[in-house]
Protein chains: 2
Amino acid sequence: MFSKACEYGIKATIYIAVKSMRQERVSLKEIAEEVDSPVAFTAKILQSLAKSGIIDSHKGPTGGFQIDESKIDTIKLHDIVHAIDGDKIFVGCGLGLEQCDASQPCPVHDKFVGIRDNLKIMLENTSLYELATGLEIGLTHLKR
Amino acid sequence: MFSKACEYGIKATIYIAVKSMRQERVSLKEIAEEVDSPVAFTAKILQSLAKSGIIDSHKGPTGGFQIDESKIDTIKLHDIVHAIDGDKIFVGCGLGLEQCDASQPCPVHDKFVGIRDNLKIMLENTSLYELATGLEIGLTHLKR
DNA sequence: TTTATTTAGGATAAATTTGTCCGAAATAAG
DNA sequence: CTTATTTCGGACAAATTTATCCTAAATAAA
Ligand code: FES
Ligand code: FES
């Protein structure tokens, strides 16, 4: 469904959000530990999320990653997925045709579009805030 | 969403079904052309679908692939996807946790499971027959 | 200013997926 | 039986994704 990079990116962003809600910055090392992801690979992903403006990064001692607290509520899962995996999952044909087009549909078009749109709506309506809150109160987990 | 192998496999199976409904066998070469897929790669996929019992293959002149006509109605999209991509898409965690488990859920579990289950239900309820029929009457297309 | 710490970024490597090549095996037809 | 045709199956190659390594740049604190 999502790429490994996207899975790591989502988990990392949620973890950073939890810390940011406590006005704490968090280091790459800690993120990778808590998210159970390879450190150097996670660094690349965070780097690109920083370029996308979803998270902020700071170098040096006391450096690390954080998220503007005012954004935590407005950032949606959709934004993270889109930043890492692009929009193929939201607009691409289920059978890989170059373009998904209702006027020249593939055999699964009608049935696939419904699923795809549901996914999109779900991602658009899911805020980083609610994901972070669920994690903070111990309702959900980033590794097992 | 689906692997390339699975996309090709679905399209190939639908095409074979259309031909089989006319009691015609179809060669690898023709399938790859109609489905717009690499010939040798398609051969591997068809080979595995044959081993899974979804399609039948016959060597030699007049050989090719076909589907038992009585099966066309009972084979579901789910069977094809499961044969090629396995069950990860149906039971796997959206964030890649080793196991998707409601008692130790990841942050997206509740919202993801609904989408995943919808996809599964859709695939289980979509028969090869209806997909092949849509293609035969020119309502849908395998390439563009 | 020096040092220690942390992210940035480029090069490289490993793993997986996608794709190719070719001889072997089966088989229909002359 | 011989030949032509078609799938089978193993080895190999290319492309993409995932992951690592190392040096540079920034920066906080002594
Ligand atoms: S054309 Fe295939 S999903 Fe729309
Ligand atoms: S635990 Fe992640 S989707 Fe169920």
Side-chain angles (χ1 to χ4, degrees), chain A residues 1-13 15-16 19-20 24-33 35-67 81 83-86 88-89 92 95-96, chain B residues 1-13 15-16 19-20 24-33 35-67 81 83-86 88-89 92 95-96:
Chain A
M1 181 76 78
F2 306 125
S3 69
K4 262 324 182 182
C6 195
E7 291 175 358
Y8 296 151
I10 292 169
K11 291 195 284 184
T13 304
Y15 184 71
I16 297 167
K19 292 292 195 166
S20 294
E24 285 177 32
R25 241 177 228 170
V26 57
S27 73
L28 166 65
K29 192 183 156 202
E30 181 180 336
I31 293 167
E33 256 160 27
V35 156
D36 199 26
S37 60
V39 179
F41 190 37
T42 305
K44 300 292 188 196
I45 298 160
L46 294 178
Q47 207 176 137
S48 96
L49 285 171
K51 280 189 181 168
S52 304
I54 292 173
I55 65 178
D56 298 319
S57 69
H58 292 272
K59 292 179 180 175
T62 79
F65 299 89
Q66 72 192 108
I67 301 176
V81 173
I84 301 175
D85 280 352
K88 192 181 163 197
I89 195 170
L95 296 186
Chain B
M1 180 77 77
F2 306 124
S3 69
K4 252 352 181 164
C6 195
E7 290 175 0
Y8 297 151
I10 292 170
K11 291 195 284 185
T13 304
Y15 184 71
I16 297 168
K19 292 292 194 166
S20 294
E24 285 177 34
R25 240 177 229 168
V26 57
S27 74
L28 166 64
K29 192 183 156 200
E30 181 180 337
I31 293 167
E33 255 161 29
V35 156
D36 198 26
S37 60
V39 180
F41 190 37
T42 305
K44 301 290 190 199
I45 298 160
L46 294 178
Q47 210 177 134
S48 95
L49 285 172
K51 279 189 181 167
S52 305
I54 292 173
I55 66 179
D56 297 319
S57 69
H58 292 272
K59 292 179 181 177
T62 79
F65 298 88
Q66 74 192 103
I67 301 176
V81 173
I84 300 176
D85 280 352
K88 191 182 163 195
I89 196 171
L95 296 186

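A, B, ... follow the sequence lines: proteins, then strands. Residue 1 opens every chain.
For the pair B:Lys59 NZ and D:dT7 C1', the computed distance is 6 Å after rounding to whole Å. Summarising the geometry, the separation between CD1 on A:Ile45 and P on C:dA8 is reported as 13 Å, rounded to the nearest angstrom. Rounded to whole Å, the distance from CD on B:Glu30 to P on D:dT6 is 11 Å. Regarding A:Ile31, its CD1 atom lies at a distance of 10 Å from the P atom of C:dA8, rounded to whole Å.
The side chain of B:Phe41 has C:dT18 as its nearest neighbour among D:dT6, C:dT18, D:dT5. Side-chain atoms of B:Ala40 lie closest to C:dC21 of the nucleotides C:dC21, C:dT6, C:dA11. Between C:dG19, C:dT18, D:dG9, one nucleotide has an atom nearer to the side chain of B:Lys51 than all others, and that is D:dG9. Of the candidate nucleotides C:dT18, D:dT7, D:dA28, D:dT7 has the atom lying nearest to any side-chain atom of B:Leu28. Each of C:dT6, D:dT20, D:dT7 was ranked by its minimum atom distance to the side chain of B:Ser57; first place goes to D:dT7. Distances from the side chain of B:Pro38 to the nucleotides C:dA28, C:dG19, C:dA26 place C:dG19 closest. Closest approach to the B:Phe65 side chain among C:dT7, D:dT7, C:dT18 is made by D:dT7 (side chain taken as heavy atoms from C-beta onward). Ranking C:dT7, C:dT20, D:dT18 by closeness to the B:Lys44 side chain, first place goes to C:dT20.
Within the 4.5 Å cutoff, the side chain of A:Tyr8 has heavy atoms near those of the A:Pro38 side chain.
Remark: B:Tyr8 is in phosphate contact with C:dG19, judged by side-chain N or O atoms under 4.0 Å from OP1 or OP2. When the side-chain nitrogen and oxygen atoms of A:Gln47 are compared with OP1 and OP2 of C:dG9, one or more of them lie within a distance under 4.0 Å.
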